[in-house]
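Note that this is a predicted model, so its numbers are computed, not measured. Proteins come first, then strands; the chains are lettered A, B, ... in the order of their sequence lines, and each starts at number 1.
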2 protein chains.
Amino acid sequence: MTDRAVTRRQRAPRGEGDKLRNQILDAAEKLLVELGSDEAVSVRAIAESVGVTPPSIYRHFEDKDELLYEVCERRFADFNEAMESADVPGDPVAAMRAMGVAYLRFALGHPEHYRVLMMTARERDIKREDSQGKLAFDHLVDATQRCIDAGLCRSDDAVRMAVALWSGVHGLCSLLITARGFPWPAPPEQLAEALLDVQLNGLLKPA
Amino acid sequence: MTDRAVTRRQRAPRGEGDKLRNQILDAAEKLLVELGSDEAVSVRAIAESVGVTPPSIYRHFEDKDELLYEVCERRFADFNEAMESADVPGDPVAAMRAMGVAYLRFALGHPEHYRVLMMTARERDIKREDSQGKLAFDHLVDATQRCIDAGLCRSDDAVRMAVALWSGVHGLCSLLITARGFPWPAPPEQLAEALLDVQLNGLLKPA
DNA sequence: TGTACATCAGTGAACGCGCGTTCACTGATGTAC
DNA sequence: TGTACATCAGTGAACGCGCGTTCACTGATGTAC
């Protein structure tokens with residue numbers, strides 16, 4: 001295989017080790033989305049798709065788990081941005097609804113990331129309290145607290161209310177992702193609207 | 001290994017092929033619960049734990065997927081029984097609440113089964129419309145319809161309302177199962193009560 | 001400016017593994033005559 | 001009652017696979033003198 005020698009990757013100059021690192025993350029993300037599950041993505045396939053040998057991966061990531069976690073965490077930063085821009089000041093109820101819709105859009109737009117990060121338990125994740133997922137939840141608690149402060153809610157426990165909201169939206173997203181064969185009575189966005197109607201009616205004081 | 005010949009399993013008489021079949025299901029279930037995921041359970045481990053060689057499995061099940069699916073489906077029959085006994089006639093609102101609690105109890109009591117059946121997408125499942133999961137959903141729709149018939153609900157779309165309820169309870173269950181490291185503000189049953197308060201307040205007409 | 005040297009990103013080859021599944025078979029159980 | 005035979009549950013051995021990871025290495029890039 002003299003081809004090998006010819007195709008051999010140009011080694012990155014000193015300062016630019018991050019270039020390959022990012023290429024690895026990009027390739028891993030692409031494979032994750034194509035293959036639909038983190039277990040279907042192999043280190044070997046990632047290496048091949050970058051044009052590098054498998055051991056190179058280990059110069060940049062401790063192991064496969066860390067690599068895939070970082071792939072998702074990176075995309076979840078976008079998720080948090082989407083949540084933040086949904087969370088407009090002013091009407092706190094409208095903000096909560098907008099956040100719910102943004103959540104659904106993100107989850108259904110990136111179902112594989114969502115699955116890996118929010119529907120898969122791994123030992124490592126349990127240790128990370130600073131994950132993007134936690135950040136997103138904090139936003140939700142803030143928005144709920146604003147509703148409480150405006151005197152709009154039945155309860156004054158922002159955390160529990162946020163858990164209820166999160167449960168509903170997460171539940172809908174994960175069911176839509178998992179049970180694709182289920183005879184859903186309406187398209188996702190409509191189901192989300194109906195769900196949010198229920199949740200908000202339940203959280204807020206009757207008009 | 002003359003030991004092998006000594007330990008060799010007594011072959012089942014003609015009519016009793018189901019005996020081994022059930023032993024296989026039992027062993028697979030035990031392993032599933034111990035190991036916590038369907039991928040961690042191997043056909044070889046199941047065979048060994050029954051005291052049989054791996055190929056024997058294939059006399060009783062088409063492949064691994066079918067075996068594990070049946071393990072869960074079998075347990076989900078219990079789930080449906082629990083849902084049915086929760087669904088007492090009389091007060092339809094109380095019935096819905098009781099079904100929600102029964103759902104949570106089952107999911108948290110059998111998290112591995114729940115994960116395999118309700119949190120994992122597999123090609124095969126999509127084809128099965130007669131699964132126990134679908135049956136459980138139908139119960140929920142029935143209970144919701146009774147609330148509607150009693151003139152208690154804001155909406156008259158039982159299916160959409162049931163989807164909203166299911167989303168909430170499933171969401172809470174799956175979050176509790178997946179995010180075990182999350183700083184939950186209360187024990188599961190209390191979170192469920194709070195969630196059901198929200199959901200029912202949201203579904204029902206204000207008093 | 002030129003040469004010897006250190007650095008370290010990426011390589012090639014292999015490790016050791018467990019997996020799901022197939023195949024031709026064995027031999028106890030039951031049946032026919 | 002006794003013998004030849006069919007059945008078929010379970011076996012033993014192997015197939016072929018892809019996996020994550022480790023290891024000693026190579027050789028271009030950059031640095032010191």
Side-chain N or O of H60(B) less than 4.0 angstrom from OP1 or OP2 on dA9(D)?
-> no
Is a donor-acceptor contact shorter than 3.5 angstrom present between the side chain of R44(B) and the base of dG18(C)?
-> no
Check every strand shown and say whether S56(A) touches a base, only sugar-phosphate, or nothing at a heavy-atom separation below 4.0 Å.
-> base
Does T53(B) have a side-chain nitrogen or oxygen under 4.0 Å from the phosphate oxygens OP1 or OP2 of dT11(D)?
-> yes
Between atom CG in L67(B) and atom C1' in dT21(C), what is the gap in whole Å?
-> 14 Å
Going by the salt bridge (Lys or Arg N to Asp or Glu O under 4.0 Å) test, name the single residue among R21(A), R74(A), R75(A), K19(A) that passes it with D26(A).
-> R74(A)
Of P55(B) and R59(B), the one whose nearest nucleotide on DNA chain C sits closer to the 5' end is P55(B)
Runs of at least three consecutive Watson-Crick or G-U pairs, both distances under 3.5 Å, are what I'm after; which ones involve DNA chain C?
-> C:2-33 with D:2-33
Hey, could you give me the CZ/SG distance between R105(B) and C173(B), rounded to the nearest 0.5 Å?
-> 11.5 Å
Integer-rounded Å distance: dG18(C) C1' and E48(B) CD = 13 Å
Classify the ring geometry between F79(A) and Y103(A) as parallel (under 30°), tilted (30 to 60°) or perpendicular (over 60°).
-> perpendicular
Roughly how many Å is it from CD1 in I46(A) to C1' in dC19(D), rounded to a whole number?
-> 12 Å
Using whole Å, report how far OH of Y58(B) lies from C1' of dA24(C).
-> 18 Å
How many Å lie between CG on D65(B) and C1' on dT21(C), as a whole number?
-> 13 Å
Plane angle bin for F182(A) and F137(B) - parallel if under 30°, tilted between 30 and 60°, otherwise perpendicular = perpendicular
Gap between atoms CG and C1', on L31(B) and dG20(C) respectively (whole Å) | 16 Å
Walk me through it: do D149(A) and Q145(A) pass the test side-chain hydrogen bond (donor to acceptor under 3.5 Å, both in side chains)?
-> CA-CA 6 Å; D149(A) 294 346; Q145(A) 186 63 53; 3.0 Å; yes
Side chain of V43(A): nearest nucleotide among dG20(D), dT21(C), dT11(D)?
-> dG20(D)
Could you give the CG-to-P distance, from D38(B) to dG20(C), as a whole number of Å?
-> 11 Å
D63(A) side chain vs E66(A) backbone, donor-acceptor pair below 3.5 Å = yes
Measure from CD on E62(B) to C1' on dG20(C) and round the result to the nearest Å.
-> 13 Å
Got more than 12 heavy atoms from elsewhere within 6.0 Å of CD, E48(A)?
-> no
